[in-house]
Amino acid sequence: MTARPDPGTSTDGALLRCENVSLSFGNVRALVEVSLTLRRGEITALVGDNGAGKSTLVRCVSGIHRPQSGRIVFDGDEIDFHSPEDAREAGIETVHQTLALVEDLTVWQNLFLNREIVRRLGPVALLDRRAMQSRSKEMVSTLAVNVPAVRSRVRRLSGGQRQAVAICRAAGFSSKLVIMDEPTAALGVQETARVEELISRMREEGHSVLLISHNFIQVMRLSDQVWVMRAGRCVGGRRTAETSGEEIVALVTGAAGQ
Amino acid sequence: MANATLAAGDREAWSARLKDLGFWAEWAALVGLVVLVIVFQALNPTFLSAGNIASMLVAAAILIILAVGQTFVIATAGIDLSIASTMTLGAVAFGQAYAAGWGLPLSCLLGIVASALVGVANGVIIARGKITDFIVTLGTLSAASGLALILADGKPVTIIDPVLLGLSTGGLGIFGWSFVIAVVVALVAHVMLFHTRFGTHLLATGGAPESATAMGISTERIKIAVYTISGTLAGLGAILLVARIGAAEPAANTSFLLNSVAAVVLGGVSLFGGRGTIIGPFIGAMLLVALVNGLTLLGVSQFYQPLAVGIVVVLAALLTRFQR
Ligand SMILES: Nc1ncnc2c1ncn2[C@@H]1O[C@H](COP(=O)(O)OP(=O)(O)O)[C@@H](O)[C@H]1O
Ligand SMILES: [Mg+2]
């Protein structure tokens, strides 16, 4: 384990640090003393088999679960989120595996969900629909993915368009960290390529990204750093430039040992 | 990809719309109302007389107010079965306070607060206790009517108050005050649903609770809020009810419960939550009142009215299967 950076000391550029994070659901030990770091301005990948605990870790960082032990340091401060709203306030936006879109609402309503722009009229705050619609247009027009009309309901969008809307929402709100949980798992080849382009663009624009993926080729192509999880544990980390797809696969399956 | 179809979707030709069952499903209440009006007017010309219109509007007021409350609840994928007995409790609380010499304003306030508290209890038990809305509100249905009977000792209280009398008889032209109040309630509700953050969060809570939670919306708070609104509106309905019948009775008012849900269904609000309008249930309530009024004018026996209402509602529910 020479290539594994010590989570305790590599503070330069570290945006997120998980230290011995553990969480069990009854008998299921979903996370066992997970430690990893994530550097600013990079795409950090998190890989592992189904059930390895990736989504659970994501949910800890984005305020849905609270770790039972261990600590998470974000942007210099230890975090103790009680709700997803706390995480969003702190600058962590998440594209969940389920996308967390509301199908019956329009694209612009989803983009601004719980971030609505309002006008104050005395004691009442009314939605500034026009402002949100025009800002939504700007937001989606920067996408590499074909642009869905912002006034159409999400129900009418294709899988790739939905993914684009969810990513756009996460990237749109001066977020310090964007987490994406398997953003291309449900997409076809063409749509996957477009979403990957989006993710690279986000790094160019200075976003830090945590990318959860099953797809080793994608991880090797996009990421700067890879962390591997197996059965709830973080079993290793590599700089992408210094590793190979075979080594990552070996880590994921456990063939490489600890 | 789907861009072209989306653009075309926005500019759908009217002829295509008319062939689309989804369009009819969304406007079922309006279409039904227009058809009823034409049929009843053809059969009995007094149907559209100023006097009859005025009395229909007044008769619709309470139902509109309850349907608005029910819409808020149903839009979060819940249901408030206690809405009518909450109104009964509010009416009795109002009547007891009035009889005890509290004066009109304080008595009104007490009636509304009593109903609102039932709503708060519903909301807290459903949201915090994570118990099915159906069961909880079925429980409060019984509890509220029981409380009303206890408070009133089973007896109605006659209330003669000039202001209440004016409320039930006066108005702006053919629009009685109670109808005016119902319209104001509907307008405020419309603004709340479509022009405030609360409304958006409410629809998100109903349409996709997990997504709403993931975006930091407190679905618990939304649920407590909608049941509280429903209870409060039941309290307002209670005052109009007392004004209309001139007494506070601990009677069950079951038809108001059924009709409030019926108006919401007729109004195209999805029982699965997440989508709905205020204008739809408003028209739905008018349709139900017009139906009953028209049948009465035609001399059809009262016994047929619940049957007619039931058929209309089931038809409307069938239509909602074609909603887009
Ligand atoms: N809310 C939950 N309740 C119970 N068990 C859960 C819950 N969420 C995840 N798990 C379990 O935790 C383990 C890790 O799941 P998850 O984090 O979703 O894996 P991954 O995203 O890597 O596929 C699995 O065994 C899963 O069944
Ligand atoms: Mg997962």
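In what follows, every chain begins at residue 1, and chains take the letters A, B, ... in the order their sequences are listed.
Both the backbone and the side chain of B:His195 come within contact range of chain A, with heavy atoms under 4.5 Å apart. With a 4.5 Å cut-off on non-hydrogen atoms, A:Glu103 does not touch chain B at all. Looking at A:Leu126, both its backbone and its side chain come within 4.5 Å of chain B, counting heavy atoms on both sides. Using a 4.5 Å cut-off between heavy atoms, B:Phe198 does not touch chain A at all. Only the backbone of A:Arg115 comes within contact range of chain B, with at least one heavy atom under 4.5 Å from a heavy atom of that chain.
Of residues 70-81 of chain A, no residue lies under 4.5 Å from chain B by any heavy-atom pair. At a heavy-atom cut-off of under 4.5 Å, chain A is reached by B:Ser211, B:Thr213, B:Ala214, B:Met215, B:Gly216, B:Ile217 from residues 211-220 of chain B, listed in order of number.
Using a 4.0 Å cut-off between charged side-chain N and carboxylate O, A:Glu205 and A:Arg201 make a salt bridge. The residues A:Glu93 and A:Arg169 are annotated as not salt-bridged, no charged nitrogen and carboxylate oxygen being separated by less than 4.0 angstrom.
Residues A:Met229 and A:Val34 are in side-chain contact: their nearest non-hydrogen atoms beyond the backbone lie under 4.5 Å apart.
Chain B forms more heavy-atom pairs under 4.5 Å with one residue of A:His96, A:Glu85, A:Gln109 than with any other, namely A:Glu85. Comparing A:Arg59, A:Arg129, A:Glu89 by heavy-atom pairs within less than 4.5 Å of chain B, the highest count is held by A:Arg129. The most heavy-atom pairs under 4.5 Å with chain B, out of A:Val102, A:Asn114, A:Asn110, A:Val118, come from A:Asn114.
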Next item on the list: Could you give me the CA-CA distance, side-chain angles and deciding distance for B:Asp80 and B:Ser230, then say whether side-chain hydrogen bond (donor to acceptor under 3.5 Å, both in side chains) is met?
Entry: CA-CA 8 Å; B:Asp80 187 356; B:Ser230 175; 2.6 Å; yes
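Atom CG of residue A:Leu127 and atom CD of residue A:Gln133 lie 10.5 Å apart, to the nearest 0.5 angstrom. Here the CG atom belonging to B:Leu236 is positioned 9.0 Å from the CG atom belonging to B:Leu66, to the nearest 0.5 angstrom. For the atom pair NZ of B:Lys130 and NZ of B:Lys223, the computed distance is 9.0 Å after rounding to the nearest 0.5 Å.
In summary, the side chains of B:Asn122 and B:Thr137 do not present any donor paired with an acceptor at a separation below 3.5 Å, with no hydrogens or angles considered.
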